[in-house]
Each structure stands twice: as C-alpha cells, then as structure tokens.
Amino acid sequence: MVKPDAIQEVGTIIDTVYQNGFAICNMKSVILSRNEAEEFYREHFGKPFFNTLMSFITSGPVLAMELKAESAVTRWRSLLGPTDSRAARTEAPSSLRARFGFDNTKNACHGSDSDQSANRETDFFFKSNAKRQSTARF
Ligand code: CMP
C-alpha cells in the first residue's frame, strides 16, 4: 500500500514494483474512513502511535496493490526497508522508505508481514465492498 505521503510518487513506485519482478494483480485507490483504517491496522490498536497512524492514513488517498511474486511478502518488505524512514536512509538507502518516506509515521509504503496478513489485507481492499470503490484524485 502506497500511503498518503508518497501518493505523488506512485508512478516511480509502480516502476520499481515491475523492475523488481512483481506482477500487480489488483490495484485500487481509496480514501480510508477511520473505521476502515482501524480495521486494517487492528493489530496495532492501543499502541502509543495508533492515533497518529489513524490520522495520517486517513488524511488522503492510498494506493492498494496486490502483488504476486515468488516469496512476495519477504521481497516486498526488503524493498520497503526499515519502518522508520530516517533509519532506512542510513541502513537501506535505496529502499522505498528511504527514498520516499519521512519518519516513523510518514514512511511511504506498507507491506504485509506474513502470508496470512497478506490474505487478510488483500481481502480487505479487493473483496467486493461498495464503500471501497475507487476515489482516485491524483
Ligand atoms: P506499516 O508497515 O504500515 O505498519 C504499521 C505502521 O505503524 C508502520 O508502517 C508505521 O507507519 C506505524 N508505526 C510503527 N511503529 C511506529 C512508531 N514507533 N511510531 C510511529 N508510527 C509507527
């Protein structure tokens, strides 16, 4: 998922996705409601950064993509780099978070942390739901 802070870089990010051998099976741009954001990030509910994350992720459009590749979860997370874009800039300078993110919250992109999460998160975005129709505005 490309987050609101990096949505203007979506063309470059999609180029990077293809250059790294992923196929894009599904793609959709939406503005998440607070309820939807809480559902998507439910495993982080109650953590100190949860409210900040909710405000940020609902602040503008996100681009959800279902990516397909061998070991896609691991490979996408490696392309993302560390969660905190400031750490990414020293530890993985060519990663997406280093290139397009800003800090711990504004970190450009999300990646599922397991195959199970990937299934849940792709269902969240791509199982038919009138409330999640495209609202692309870029
Ligand atoms: P993401 O990969 O989308 O998964 C959960 C998100 O919570 C993470 O990226 C960050 O945007 C945010 N996050 C995780 N840890 C922190 C933190 N310590 N402070 C602020 N935001 C965080």
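One-based numbering along the sequence shown. Numbering of ligands and ligand atoms starts at 1, following listing order.
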Notebook entry, point to check: Heavy-atom contact under 4.0 Å between Phe56 and ligand 1?
Noted result: no

Next item on the list: Using a strict 4.0 Å cut-off to heavy atoms of Arg97, name the atoms of ligand 1 that fall inside it.
Entry: 1 (P), 2 (O), 9 (O)

Next item on the list: Report, as yes or no, whether the 6.0 Å neighbourhood of atom NZ on Lys68 holds more than 12 heavy atoms from other residues, nucleotides or ligands.
Entry: no

Check: What do we get for Arg77 next to ligand 1 when only non-hydrogen atoms under 4.0 Å count, side chain, backbone, both or neither?
Finding: neither

Checklist line | Thr83 N/O to ligand 1 N/O under 3.5 Å | finding: no

Notebook entry, point to check: Do Glu38 and Arg42 meet the salt-bridge criterion of a basic N to acidic O distance under 4.0 Å?
Noted result: no

Next item on the list: Report, as yes or no, whether the 6.0 Å neighbourhood of atom CD on Gln116 holds more than 12 heavy atoms from other residues, nucleotides or ligands.
Entry: no

Check: Going by atom types alone, do Ser71 and Thr74 pair a side-chain donor with an acceptor below 3.5 Å?
Finding: no

Check: Numbering the atoms of ligand 1 from 1, which are under 4.0 Å from a heavy atom of Tyr41?
Finding: 1 (P), 3 (O), 4 (O), 5 (C)

Item checked: Salt-bridge contact Arg120-Glu39 (side-chain N to carboxylate O under 4.0 Å) -> no

Item checked: Residues Lys3, Asp5: salt bridge by 4.0 Å N-O rule -> no

Next item on the list: Specify the protein heavy atom at minimum distance from atom 5 (C) of ligand 1: its residue, its atom name, and the distance to 0.1 Å.
Entry: His44 NE2, 3.4 Å

Next item on the list: Classify the contact between Asn104 and ligand 1 as side chain, backbone, both or neither, using a heavy-atom distance cut-off of under 4.0 Å.
Entry: both

Margin query: Hydrogens and angles aside, do Thr122 and Glu66 bring a side-chain donor and acceptor to less than 3.5 Å of each other?
Written below: no

Check: Which of the numbered atoms in ligand 1 are below 4.0 angstrom from a heavy atom of Asn107?
Finding: 8 (C), 9 (O), 10 (C), 11 (O)

Next item on the list: Could you tell me whether Leu53 approaches ligand 1 through its side chain, its backbone, both or neither, with non-hydrogen atoms closer than 4.0 Å?
Entry: side chain

Note to self: Side chain, backbone, both or neither: which applies to Met1 and ligand 1 if a contact is any heavy-atom pair less than 4.0 Å apart?
What the structure shows: neither

Notebook entry, point to check: Is Phe49 atom CZ crowded by more than 12 heavy atoms from other residues, nucleotides or ligands, each under 6.0 Å away?
Noted result: yes

Next item on the list: Do me a favour and list the nearest non-hydrogen protein atom to atom 20 (C) of ligand 1 with residue, atom name and distance?
Entry: Phe49 CB, 3.3 Å

Note to self: Between ligand 1 and Lys47, can you find any atom pair, the residue atom being a heavy atom, that is separated by under 4.0 Å?
What the structure shows: no

